[in-house]
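Some notes on the structure that comes next.
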Amino acid sequence: MPRTTPPTAEELLGSGLHEEVVRHFTTPPGAPDTALVTDQVRECLRYLYLISRHPDRLGGLFLPVEQDIDEIWHYLILQTREYRELCEQRLPGGHFIHHRSISYDAYQAAPGRETAAEEALRWIPLYTAAFGPFDEAALPHWTVVRFLHEELGLSLAEITAAGEAEAPVRGAA
């Protein structure tokens, strides 16, 4: 029987690398606590999972997550052997996920604000289909979701409902 829920961050990274990443980001003076970093690692892996699973719909789009998630991705990339294995053997697409840094201002100037907003909104239905509703632990890490919640006053349930109206059936390709 095929698995209907995505693997956890720890399953994707393996317990050793997962612990290493969390330790790396909790060790410096003034670093966030273990619970927050664990959430950040989870959301980074969810981001990579979605890119891997939906390269045709998400490939090349601007990173819709906060800088902390991008920093975790950078750390994972530097673990070259483990990162290649993650991309090619553990994530659903089975292909290497490349990274290219570009500022939000530069990105927004290229396609325009409307295109940038539309691309950012593509993530919500794919996220909710794969992982269920956004919750308080995921909220701080997804830029567009946080904007919808904090600036436009939408509840997490409303954001999830909007995503589910657009989403494929959970667990379906």
Side-chain angles (χ1 to χ4, degrees), residues 1-26 32-66 68-73 75-77 79 81-99 119-146 148-149 154-173:
M1 174 183 246
R3 183 177 183 148
T4 58
T5 59
T8 66
E10 191 168 348
E11 289 170 335
L12 287 169
L13 293 178
S15 61
L17 182 55
H18 186 271
E19 289 173 18
E20 176 186 326
V21 174
V22 171
R23 187 174 47 254
H24 175 80
F25 286 96
T26 56
D33 65 25
T34 301
L36 178 61
V37 172
T38 300
D39 290 343
Q40 292 169 338
V41 172
R42 181 193 66 225
E43 296 308 316
C44 178
L45 271 291
R46 286 179 173 185
Y47 167 79
L48 292 172
Y49 182 92
L50 291 174
I51 288 208
S52 178
R53 187 169 181 180
H54 303 286
D56 55 326
R57 294 164 75 178
L58 301 176
L61 299 187
F62 185 74
L63 186 74
V65 291
E66 294 296 313
D68 52 7
I69 304 304
D70 192 42
E71 290 173 12
I72 291 168
W73 188 12
Y75 183 86
L76 292 173
I77 290 169
Q79 314 321 305
R81 193 171 310 134
E82 293 91 344
Y83 182 71
R84 178 171 296 283
E85 181 181 315
L86 169 69
C87 292
E88 295 176 354
Q89 297 175 21
R90 295 184 179 184
L91 291 172
H95 59 87
F96 191 84
I97 300 171
H98 294 274
H99 182 291
E119 288 181 357
L121 292 171
R122 283 188 206 177
W123 293 86
I124 295 173
L126 297 174
Y127 183 101
T128 58
F131 307 112
F134 281 95
D135 58 23
E136 291 293 333
L139 177 64
H141 311 296
W142 289 84
T143 307
V144 70
V145 175
R146 192 171 42 81
L148 293 171
H149 182 67
L154 296 176
S155 70
L156 291 175
E158 290 170 319
I159 294 167
T160 297
E164 289 174 347
E166 299 293 322
V169 175
R170 178 181 263 167

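Sequential numbering from 1 along the given sequence is applied to the chain's residues.
Closest approach of T26 to P32, counting heavy atoms only: CG2-O, 3.6 Å. The shortest non-hydrogen separation linking I72 to Q40 is CD1-CB, 3.4 Å. Across every non-hydrogen atom of R46 and Y127, the tightest pair is NH1-OH, 2.6 Å. The two residues C87 and F96 make their nearest non-hydrogen contact at CB-CA, 3.7 Å. Residue G94 comes nearest to S52 through the heavy atom pair N-OG, 3.9 Å, listed as atom of the first residue, atom of the second, then distance.
Legend: salt bridge (charged side-chain N to carboxylate O under 4.0 Å, His left out) pairs involving residues 120-133, not counting sequence neighbours, sorted by first then second residue: E118-R122. Counting only residues at least two apart or in different chains, salt bridge (charged side-chain N to carboxylate O under 4.0 Å, His left out) contacts with residues 32-41 comprise D39-R42.
Between the OH atom of Y83 and the CD1 atom of I97 there is a distance of 5.0 Å, given to the nearest 0.5 Å. For the atom pair L48 CG and I77 CD1, the distance stands at 8.0 Å (nearest 0.5 Å). Of the inter-residue distances, the one linking F134 atom CZ with L148 atom CG reads 9.5 Å to the nearest 0.5 angstrom. For the atom pair CD of Q79 and CG of L86, the computed distance is 11.5 Å after rounding to the nearest 0.5 Å. With rounding to the nearest 0.5 angstrom, the CG atom of L76 is 11.0 Å from the NE2 atom of H99.
With sequence neighbours excluded, the residues forming a side-chain hydrogen bond (donor to acceptor under 3.5 Å, both in side chains) with T143 are E66, listed by chain and number. Looking at residues two or more places apart in sequence or on another chain, you find a ring pair (Phe, Tyr, Trp, His ring centres under 6.0 Å) between Y49 and F131. S15 meets the side-chain hydrogen bond (donor to acceptor under 3.5 Å, both in side chains) test with no other residue; sequence neighbours excluded. Among residues two or more places apart in sequence or in another chain, the salt bridge (Lys or Arg N to Asp or Glu O under 4.0 Å) test is passed with E85 by R90. Contacts of T38 classified as side-chain contact (heavy atoms from CB on, under 4.5 Å), with partners at least two apart in sequence or in another chain: H18, V22, T34. Here P55 pairs with H95 under the side-chain contact (heavy atoms from CB on, under 4.5 Å) rule; sequence neighbours left out. Judged as a side-chain contact (heavy atoms from CB on, under 4.5 Å), and not counting sequence neighbours, the contacts of H24 are Y75. Residues meeting the side-chain hydrogen bond (donor to acceptor under 3.5 Å, both in side chains) test with W142, sequence neighbours left out: E43. In terms of the side-chain hydrogen bond (donor to acceptor under 3.5 Å, both in side chains) criterion, residue partners of R84 (sequence neighbours excluded) are, by chain and number, E88.
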Please evaluate residues H141 and D68 with respect to the criterion side chain to side chain contact (heavy atoms under 4.5 Å, CB included), reporting the C-alpha separation (whole Å), side-chain torsions for both, the decisive distance (0.1 Å), and the verdict. CA-CA 8 Å; H141 311 296; D68 52 7; 3.5 Å; yes
Can you list the steps and then say if V144 with L121 is a side chain to side chain contact (heavy atoms under 4.5 Å, CB included)? CA-CA 7 Å; V144 70; L121 292 171; 3.7 Å; yes
